[in-house]
Amino acid sequence: MSSYETLNTPQQEAVLHTEGPLLILAGAGSGKTRVLTHRIAWMIESGINPYNILAITFTNKAADEMRQRVDRIVGMGSEAVWVSTFHSACVRILRRHIDYIGYDNHFAIYDTDDQKTVIKEVCRRLYIDTKLFKEKALMSDISHFKDQLLTPDDVETSAFDHNERKIAAVYREYQSQLRKNNALDFDDLIMKTVELFEKHPQVLDYYQERFRYIMVDEYQDTNFAQFRLVSLLSGKYRNLCVVGDDDQSIYSFRGADVRNILEFENVFPDARVIRLEQNYRSTKNILEAANNVIANNTERKEKRLWTENEEGEKIHFRQFATGFEEAEYVVGEIDHLHRAAGRDYRDFAILYRTNAQSRIFEEKLLMAGIPYKLVGGINFYSRKEIKDLLAYLRTIDNARDDVSVRRILNVPRRGIGDTTQARIQEYAGEMDMSFFDALRVAEEIPAVKRSLSKIDSFVTFIMALRTKAEILTVRELLQDVIDSTGYALELEKENTEESKARLENIDELITKVQVYQDQMKEQGQKATLSGFLEEVALVADIDTVDAESDYILLMTLHSAKGLEFPHVFITGMEDGIFPGGNPLFRSDEDNSLQEERRLMYVGLTRGMKNVTLTCARQRMLRGEVKFHNVSMFVREIPRELVDLGYTVQEKKPDRDKLLQGDNTYSKMKAAFLSKPFMQQEQPRPAVPVKNASALEYSVGDTVRHVKFGVGIVTEIREGGRDYEVTVNFDRFGVKKMFAGFAKLKKI
DNA sequence: CGTAGTTTTGTTTTT
DNA sequence: CAAAACTACG
């Protein structure tokens, strides 16, 4: 096939090397996805059964894309290839075989929220003071144990002080609670799969036969458990191909161990090693900057990325007085490039170190009427109303899921309060039965006599739903839950901004169920309740980003891994924010600093055409004004590669006043919100603004807005260079906006 | 039992 | 500054 000729020499080598262990050291933007897809295509073409191929990607989105690209090359056959994330692959395996290690195949998957609920319960049972042992810390401890495949016994044995024994006890009890609830957490998905394989060689053998060819992407971010899993699976045929870049290892906080990639050659002495060092993505300047930054790290495989691309623009660096001005600049700049240079919104990404930094950009973008998508932060599925409804579905699906049953027992209010719940819980514990079973026999519990009728009707209600679940589709079932609980009705009555947003989320959930059903139908599979819940548990926010929609992406540097954009803004380039953490514990030998630097490297190498770094002298952090120095990473870029533009712009007097002394965050916010967002400090070509007569709408007209939907124009006022239009939106109420930005369409 | 009002706590990063 | 966790009251 001629398409292989478009690959460079090492890329071709990687594609053609299908037998035996292979390590591909793929620098940023070196076309590794192309290599992986072509490699799968080549294998299929050369007669390998696609059924025998397993490809592990980092996100579901990457998995989908890979499958599509393979399809494009080979046409048919790719649907038989298993392309999925570690977690999805493990769920599929466990659904089939987890009964071998004493779990029910109908297990629930607990997210961070659920885990916390369990941990709290565990601490209460063990009389552990959560002031001394923070739930969050315990959770991360347990997570790390599991990353290392340590059982409660292991932890117990190696504990050498009181604290560690305590933690081991929590771990033990936590596991026993999960088992009782027939639930697994994220880390269990991997660990239990390993356990299954180790305890049941015949099951392992089955999968070894099945997956004769294995590929793992982003190998630098695998942890010990994942390493073990991959080793087991590939143990028989040894056709293991791993792809990664040690310079992009940014997940050590969740147990990722760079040694997996650094020591691959030691584990597999006969491994072929191929380096991909030609970069096809970025300009020379961007690459040069990235190379110089990462060169400050000591623990790395030396490599030299190069490109034939043009030199391009310098790295732009801009410092501002405040975070507000920073955001204003970034948004103004994007708006400018969009209008003047005709760049699509999808060409831009605004990146930051922590999710909390996104808000200010959201505000400015909203004001400017620029469409954006926020990736990460509070997950859609962790919103209260969504979790409530899902808890119903989970209760229907898995009767032993106590966390879900308890969540919905009194939602909507049924007059079954905390005391009653605690008593039932106690009884269930004593009798060693599930919470729901305790509810069913509530008449045996003398302490809850008063609520007995309420409990009975709850039990009947759930049982009825469970019966319905057998005949209804998932969507119909969800609709039934929404109707019969009166959940939506209650929110409608409330009729506040918040309740409206919640109703919208519920609508979105219904849409998601529908999408799932359609998808399953398309693939000729059965849409099941468990299947939907599983999908819900394992989607990352980034998976919902689609290439078609034209919006700016806002996300953390972590989420940006694997993506590329013509224009990248890395914001908050301040010491203490990025690199974050405690400066006292930061030295060059410190691994955490090196990881931050790799994060910077990832950020820079996302850029294709240009990268802008921004920072602010002072910014609001946790409600107080903080002063920061410019990030050390900015200084690590050679001076001649950086365009400094101007530093702090001349400020207007009224703004000066705003920034002084006693001004609170909200005052500043109010002041900025009431201002036209665009008061550009930098001279720029005048933006053509329509005058009132040129506006295609006038007072009384119905218009459509990208974000707010349909509304009626109630006022048009002259305001500086632009016109201020007041619109009463059907769903969002009255909003004021500037005609130049809002792009209102008369309908 | 439910609510409103008060206090405390928190920032990495995510499947 | 917010969200979460507590507390006290009707």
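Side chains included, hydrogens not; waters and symmetry mates left out as well; all remaining heavy atoms used. By convention in this document, chain letters (A, B, ...) are assigned in the order of the sequence lines, proteins followed by strands, and residues within each chain are numbered from 1.
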Does A:Arg617 count as lying over the ring of A:Phe320, i.e. NZ or CZ under 6.0 Å from the six-ring centre, within 45 degrees of the axis? no
Taking B:dT15, B:dG10, B:dT9 as options, the one with an atom nearest any side-chain atom of A:Arg622 is B:dG10
- prompt: Do you see a donor-acceptor pair shorter than 3.5 Å between the side chains of A:Glu135 and A:Gln115?
  reply: no
Contacts of A:Gln421 and A:Val375 projected onto DNA chain B by closest heavy atom; the upstream (5') one is A:Gln421
Of B:dT9, B:dT12, B:dT14, the nucleotide closest to the side chain of A:Thr556 is B:dT14
To the nearest angstrom, the CG-P distance between A:Asp217 and B:dT15 comes to 15 Å
Those residues at least two apart in sequence (or on a different chain) that pass ring-ring contact (aromatic ring centres under 6.0 Å, His included) with A:His558 are A:Tyr251, A:Phe253
Is the terminal nitrogen or CZ of A:Lys512 (NZ for Lys, CZ for Arg) located under 6.0 angstrom from the six-membered ring centre of A:Phe380 and within 45° of that ring's axis? yes
Could you pull out the protein-nucleic contacts involving nucleotides 3-5 of chain C (nitrogen or oxygen on both sides, under 3.5 Å)?
unit_1, atom_1, unit_2, atom_2, d
C:dA5, OP1, A:Lys116, NZ, 3.3
C:dA5, OP1, A:Lys120, NZ, 3.2

List every contact pair, protein side and nucleotides 2-5 of chain B side both N or O, where the distance is under 3.5 Å.
unit_1, atom_1, unit_2, atom_2, d
B:dG2, OP1, A:Gly415, N, 3.2
B:dG2, OP2, A:Asn410, ND2, 3.3
B:dT3, OP1, A:Arg413, NH1, 3.2
B:dT3, OP2, A:Arg413, NE, 3.0

- Between A:Phe58 and A:Lys561, is there a cation-pi geometry (under 6.0 Å to ring centre, at most 45° from the normal)? yes
note: A:Glu624, atom CD; B:dT9, atom C1'; distance rounded to Å ~ 13 Å
Output field dot_bracket for DNA chain B (Watson-Crick or G-U, both distances under 3.5 Å, | for other-strand pairs) contains ||||||||||.....
Quiz item: Would you call A:Arg259 and A:Asp257 a salt bridge, using N to O less than 4.0 angstrom?
Solution: yes
Flag the pair A:Arg95 and A:Glu534 as a salt bridge only when some basic side-chain nitrogen lies within less than 4.0 angstrom of an acidic carboxylate oxygen. yes
Whole-Å distance, A:Met620 CE to B:dT11 C1', equals 17 Å
Here the distance between atom C1' of B:dT14 and atom CG of A:Asp114, to the nearest Å, is 16 Å
Side-chain H-bond candidate by donor/acceptor type, A:Asn181 with A:Tyr110, under 3.5 Å: yes
Interatomic distance, CZ@A:Phe186 vs CZ@A:Arg254, rounded to 0.5 Å, equals 10.0 Å
Original post:
Using 4.0 Å as the upper bound for N to carboxylate O, is an ion pair formed by A:Glu325 and A:Arg619?
Top reply: no
Which pairs, protein N/O on one side and nucleotides 7-10 of chain C N/O on the other, fall under 3.5 Å?
none

Here the distance between atom C1' of B:dT15 and atom NE2 of A:His558, to the nearest Å, is 13 Å
Salt-bridged, A:Lys32 to A:Asp217, with N to O below 4.0 Å?
yes
Salt-bridge test for A:Asp247 and A:Arg598: reply yes if a basic N is under 4.0 Å from a carboxylate O, no otherwise. no
Between CD of A:Glu595 and C1' of B:dT14 the distance, given in whole Å, is 12 Å
Regarding the side chain of A:Lys134, the nearest nucleotide among B:dG10, B:dT15, B:dT14 is B:dG10
Residues 120-145 of chain A vs ring-ring contact (aromatic ring centres under 6.0 Å, His included), sequence neighbours excluded, gives A:Phe145-A:Tyr171
Geometric cation-pi criterion, A:Arg179 with A:Tyr103: 6.0 Å, 45°: yes
